[in-house]
Amino acid sequence: MTRLTFVSSAGERYDLDVANGTTAMENAVRHSVPGIEAECGGACACATCHVYVDPEWTAAVGEPEAMEEDMLDFAWEAKPTSRLSCQIKMRPELDGLVLHVPARQA
C-alpha cells in the first residue's frame, strides 16, 4: 500500500492507503474526497479531477502527456503544478504524495 493525501481548498486532509497501480482519481472517488468530480470516469476527456501536485512531489509525479495538457486547458485556475488525478498512477515511489484539490472544477 502507498500513502496518498488529498488536501481540500479549505485545508481538510484526506489521508488514504491506496493500492499501487490505481490512479489518484480512482482513490479519491472510492473514498468520497470532496471536489474530485471525475465526470469522464478517468478517460482523460475532461478536467473534473484536476489537482495541484504539492511542489515537493512535482519531479516524482512527472510531467503531463500531450493529451492531458490539452485537457488542462479546460481546468479552473491551472498552475504549473496542475495535473489530472486520473493520470497519476500510484506506485511505491509516490508513497506520501500530497495533492491539493482546487476550490472548484471546470
Side-chain angles (χ1 to χ4, degrees):
M1 297 297 266
T2 298
R3 192 74 166 163
L4 169 62
T5 299
F6 286 93
V7 180
S8 76
S9 61
E12 296 172 73
R13 294 177 64 90
Y14 298 85
D15 297 313
L16 312 175
D17 289 317
V18 304
N20 291 317
T22 61
T23 66
M25 181 223 66
E26 290 170 325
N27 290 291
V29 170
R30 185 175 297 123
H31 294 280
S32 302
V33 173
I36 301 293
E37 297 170 10
E39 289 179 2
C40 75
C44 196
C46 70
T48 61
C49 68
H50 173 222
V51 293
Y52 304 120
V53 176
D54 194 86
E56 179 180 317
W57 288 96
T58 54
V61 171
E63 297 293 320
E65 298 288 329
M67 190 164 92
E68 181 181 357
E69 282 184 1
D70 289 344
M71 289 297 103
L72 285 168
D73 288 341
F74 299 102
W76 184 73
E77 293 191 355
K79 299 178 181 179
T81 61
S82 288
R83 291 294 306 267
L84 298 181
S85 59
C86 68
Q87 300 302 298
I88 300 173
K89 193 160 284 215
M90 300 307 299
R91 56 190 190 276
E93 304 83 53
L94 296 181
D95 188 38
L97 176 62
V98 178
L99 301 174
H100 299 269
V101 180
R104 68 183 190 122
Q105 297 288 346

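Values below: all heavy atoms of this structure, side chains included; hydrogens, waters and symmetry mates excluded.
- Partner of Ser85 under the side-chain contact (heavy atoms from CB on, under 4.5 Å) criterion, out of Val53, Val33, Val101, Ile36: Ile36 alone.
- Minimum heavy-atom separation, Gly42 to Cys86: CA-CB, 3.6 Å.
- Pairs of residues two or more places apart, or lying in two chains, that qualify as side chain to side chain donor-acceptor pair (under 3.5 Å) and include a residue from residues 92-101 are Asp54-His100, Arg91-Glu93.
- Linking Ile, Leu, Val, Met, Phe, Trp and Tyr residues whenever their side-chain heavy atoms come within less than 4.5 Å leaves Tyr52 and Leu97 in two separate clusters.
- With sequence neighbours excluded, the residues forming a side chain to side chain contact (heavy atoms under 4.5 Å, CB included) with Arg104 are Trp76, listed by chain and number.
- Applying the ring-ring contact (aromatic ring centres under 6.0 Å, His included) test to every pair with at least one member in residues 2-27, sequence neighbours left out, gives no pairs at all.
- Leu72 belongs to a hydrophobic cluster whose remaining members, ordered by chain and number, are Met71, Phe74, Leu84; membership requires side-chain heavy atoms of ILVMFWY residues under 4.5 Å apart, directly or through intermediates.
- Contact of the Leu4 side chain with the Leu99 side chain is registered, since non-hydrogen atoms from C-beta on lie closer than 4.5 Å.
- Residues Asn27 and Thr23 approach most closely at ND2-O, 2.8 Å, considering heavy atoms.
- The stretch residues 55-71 participates, sequence neighbours left out, in these side chain to side chain donor-acceptor pair (under 3.5 Å) pairs: Glu68-Arg83.
- Under the side chain to side chain donor-acceptor pair (under 3.5 Å) criterion, Thr81 pairs with no residue, sequence neighbours left out.
- Taking CG from Leu16 and NE2 from His31, the interatomic distance works out to 5.0 Å, rounded to the nearest 0.5 Å.
- Sorted by first and then second residue, the salt bridge (charged side-chain N to carboxylate O under 4.0 Å, His left out) pairs with a member in residues 5-30 read Arg3-Asp17, Arg13-Asp15; sequence neighbours excluded.
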With a cut-off of 3.5 Å and sequence neighbours excluded, list every side-chain donor-acceptor pair involving residues 44-51.
from: Thr48; atom 1: OG1; to: Ala38; atom 2: N; distance (Å): 3.3
from: Thr48; atom 1: OG1; to: Glu39; atom 2: N; distance (Å): 2.8
from: His50; atom 1: NE2; to: Ser82; atom 2: OG; distance (Å): 2.8

